Every structure is written in C-alpha cells, then in structure tokens.
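Small disclaimer: the values here were computed from a predicted structure and weren't measured. Whatever order the structure lists them in is the order used to number ligands and atoms, beginning at 1.
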Amino acid sequence: MDHPRMTLISANWKMHLNHIEALELVQQLAERFRASTIPAGREVSIHPPFTCLAMVGATIAAERVPISLGAQTCHYADAGAHTGEVSAGMLAALKVRYVIAGHSERRARGETDQVVREKIDAIYRHTMQPILCVGETADERHRGVAEEKVRQQLAAALSGRPAELVAAAVIAYEPLWAIGTGATASPDDVANMCSAIRDELERVAGTHAAAMVRIQYGGSVTAETCEALLSGKDVDGFLIGGASLDAEQFSAIVIG
Ligand code: 13P
C-alpha cells in the first residue's frame with residue numbers, strides 16, 4: 001500500500017574522514033546528485049564527524065544539493081562544564097536537521113536508555129529531529145527476545161511525549177550483529193521488525209503519529225541488497241555506514 005512517508009537515506013560516516021577527505025566526498029556526491037537527481041519521494045542526510053559538520057553544511061548549501069545535514073550524537077545539556085561535548089543548540093545553529101541518538105556503538109560504551117531519552121529531549125528542544133537507533137544482539141535474536149528488546153528501547157525513549165513530537169522522529173532498526181559485518185538481515189526479518197516497531201509506536205503515540213514516523217534499516221546495506229530490503233511496507237529508508245563512504249556506492253543506493 002502506498003504511504004505518504006518520504007524515504008530517508010542517511011549516511012553515517014562514523015569516525016571516518018578528516019575535513020579535507022570529507023570535502024572531496026561531499027563534492028563527489030554533489031556532482032552525482034546534480035547530474036541524476038534524487039528520485040521524488042527520497043530524502044538524503046549526511047552525518048559527518050563534528051570537525052567537518054560546518055564545512056559539509058556550507059558546501060551543500062553553496063552547491064544547492066538537496067541533502068539534509070545530520071549529526072552523529074549530541075550532549076543532553078544545553079551548555080556547561082562538559083569538556084569535549086557538543087550541545088544540540090550548537091548543532092541547530094549549523095542548520096543540522098537530524099541527530100542520531102542511541103547508536104549501538106555508543107550504547108556499548110555506556111550510553112543508557114535514560115541518557116538517550118535526555119538527548120532526544122535536547123534534540124526536540126532545539127527543533128531538530130532524532131534518528132533513534134534500536135536493535136538486538138545476536139544472542140537476543142537467538143533467544144527469541146529481539147522484538148521485546150526493540151519495543152523496550154522505543155518505549156524508554158519515546159513514551160509520554162506529545163504525538164506530534166513522536167511523529168517527527170525517525171527510527172533506525174540496526175541489529176547489532178549486522179553492523180559492519182557484511183551479514184545483512186533478511187528482507188523478511190527487516191520487514192517484520194519494522195512492522196513491530198510501527199505497532200509499538202501506535203501504542204506509544206497513536207495511529208496517526210505512528211503512520212508519520214520513518215523507519216530505517218541499518219546493517220551492511222549495499223547497492224546490491226537495498227532494493228529487496230526496501231520492499232517491506234514499513235521500511236522507509238536506510239542508515240548506512242560503510243557503503244556511505246564511497247560516492248559511487250552511496251549514490252547507487254540513493255538513485256536506485
Ligand atoms: P554498516 O552499514 O557499516 O554496517 O553500519 C551500519 C550503521 O551502524 C549505521 O549507523
């Protein structure tokens with residue numbers, strides 16, 4: 001069934017590319033997205049490291065490329081004695097639109113559900129949109145508790161929020177065992193989990209808000225696997241690591 005949601009394809013560059021390398025990649029993308037335009041109904045976001053956020057933002061604005069600027073995380077406080085951290089307000093001032101919250105690589109280093117929730121509070125305070133990452137470990141999948149884990153992460157981050165804020169969220173389903181491993185989840189498993197996510201969002205914020213939320217899949221997505229993965233009715237895009245560092249691969253995924 002057709003739905004009104006824009007597909008969102010996001011490039012998570014993680015801790016790759018210095019500002020010179022980043023400029024090169026964003027220029028390559030600008031050339032490709034100008035020549036063969038991004039298909040209607042598709043949106044692209046790029047999430048570079050903090051050190052090149054301003055430059056990537058200025059380049060996509062100057063080149064008039066229809067790419068949204070994203071960040072990989074932020075601090076939950078608006079300001080203060082937090083050495084090395086970057087606030088949501090600082091990102092909003094750079095015209096960042098999407099901020100990833102709760103990526104498993106950060107959860108693994110101690111980012112709790114409570115911290116993820118407070119980061120999402122900060123992202124909304126500064127009128128940006130969170131990309132909330134959820135997903136199970138290989139062990140949780142084998143034990144049959146994958147869906148329970150994902151529902152619990154969603155509820156911890158989003159329950160009790162106004163429906164219009166939940167509607168603006170993006171969810172990235174990223175099973176930990178598929179990240180950077182080359183082992184993509186099967187299209188059926190992705191479709192089923194994304195439907196369970198939509199169901200949990202309905203429980204948390206109602207049918208109308210849940211229908212607005214974009215649900216991405218992330219985990220070893222490539223130009224070869226993307227089409228089949230996107231066939232699930234509740235799959236609305238991708239959060240891409242490795243393949244997003246290569247202009248040709250990434251634009252093949254976006255342009256299709
Ligand atoms: P890969 O595409 O490299 O598996 O990374 C997925 C991811 O973690 C995106 O946030």
Side-chain angles (χ1 to χ4, degrees), residues 7-17 21-22 25 29 42-50 52-53 56 67-74 91 96-111 115-116 119-120 123 128-138 140-141 146 149-150 153-154 157 169-187 189-190 193-194 197 213-230 232 235-254 256:
T7 299
L8 177 60
I9 299 178
S10 301
N12 177 8
W13 288 357
K14 307 192 179 182
M15 197 173 74
H16 294 288
L17 310 182
E21 295 159 338
L25 179 53
L29 291 175
R42 288 199 174 185
E43 184 187 355
V44 177
S45 70
I46 296 185
H47 302 246
F50 289 138
C52 36
L53 209 40
V56 169
I67 292 177
S68 300
L69 191 59
Q72 298 177 17
T73 185
C74 68
L91 299 177
V96 165
R97 176 158 184 194
Y98 298 104
V99 185
I100 297 170
H103 194 285
S104 59
E105 288 155 12
R106 298 190 62 86
R107 291 185 192 257
R109 300 183 70 83
E111 202 164 291
V115 169
V116 172
K119 286 186 182 202
I120 293 175
I123 294 164
M128 297 180 292
Q129 294 174 254
I131 296 182
L132 167 66
C133 298
V134 296
E136 81 285 357
T137 62
E140 287 161 341
R141 177 151 285 266
K149 166 73 174 297
V150 165
Q153 288 177 322
L154 286 169
V170 177
I171 309 298
Y173 167 53
E174 298 206 310
L176 273 66
W177 47 272
I179 295 177
T181 59
T184 317
S186 74
D189 283 346
V190 171
M193 186 63 89
C194 290
I197 289 171
V213 174
R214 267 90 54 85
I215 304 175
Q216 299 176 313
Y217 166 74
S220 302
V221 174
T222 63
E224 288 73 43
T225 57
C226 65
E227 212 50 52
L229 289 164
L230 209 51
V235 186
D236 307 311
F238 302 114
L239 182 54
I240 302 172
S244 76
L245 295 168
D246 182 274
E248 206 164 314
Q249 271 272 337
F250 186 64
S251 53
I253 294 169
V254 169

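Every atom of ligand 1 is numbered from 1 in the order shown, and the set under 4.0 Å from a heavy atom of Gly219 is 4 (O), 6 (C). Residue-ligand proximity, Gly242 to ligand 1, at heavy-atom distances under 4.0 Å covers atoms 1 (P), 2 (O), 3 (O). Here is the list of ligand 1 atoms found below 4.0 Å of a heavy atom in Asn12: 9 (C), 10 (O). Of all the atoms in ligand 1, the ones that sit under 4.0 Å from a non-hydrogen atom of Gly180 are 1 (P), 3 (O), 4 (O). Of all atoms in ligand 1, numbered sequentially from 1 with element shown, those under 4.0 Å from a heavy atom of Glu174 are 6 (C), 7 (C), 8 (O), 9 (C), 10 (O). Those atoms of ligand 1 that come under 4.0 Å of a heavy atom in His103, given as number and element, are 7 (C), 8 (O), 9 (C), 10 (O).
Side-chain contact annotation: Trp13 with Gln72, donor-acceptor N/O pair under 3.5 Å absent. Glu111 and His103 form no side-chain donor-acceptor contact under 3.5 Å, judged by distance and modelled atom types alone.
Checked against salt bridge (charged side-chain N to carboxylate O under 4.0 Å, His left out), Glu105 has the following partners two or more places apart in sequence or in another chain: Lys14. In terms of the side-chain contact (heavy atoms from CB on, under 4.5 Å) criterion, residue partners of Ala243 (sequence neighbours excluded) are, by chain and number, Ile240, Gln249, Ile253.
Looking only at heavy atoms of the protein, atom 5 (O) of ligand 1 is closest to Lys14 NZ, 3.2 Å. Taking atom 2 (O) of ligand 1 as the reference point, the nearest protein heavy-atom neighbour is Gly241 N, 2.9 Å.
Atom CD of Gln216 sits about 5.0 Å away from atom CD1 of Ile131, to the nearest 0.5 Å.
For ligand 1, the polar-atom distance check finds no N/O of Gly218 at less than 3.5 Å from any of the ligand's N/O atoms. For a threshold of 3.5 Å applied to N or O pairs, the pair formed by Thr181 and ligand 1 contains no separation below that value.
Assignment of Ala243 to the shell around ligand 1 is not supported, since no heavy atom sits closer than 4.0 Å.
A salt bridge links Glu43 to Arg97: one of the charged nitrogens lies within less than 4.0 Å of a carboxylate oxygen. Salt-bridge annotation for Lys149 and Glu140: present, with a side-chain N of the basic residue lying under 4.0 Å from a carboxylate O of the acidic one.
Contacts of Leu239 with ligand 1, taken as heavy-atom pairs under 4.0 Å, involve both backbone and side chain.
Relative orientation of the Tyr217 and Phe238 rings is perpendicular, given thresholds of 30° and 60° on the angle between their planes.
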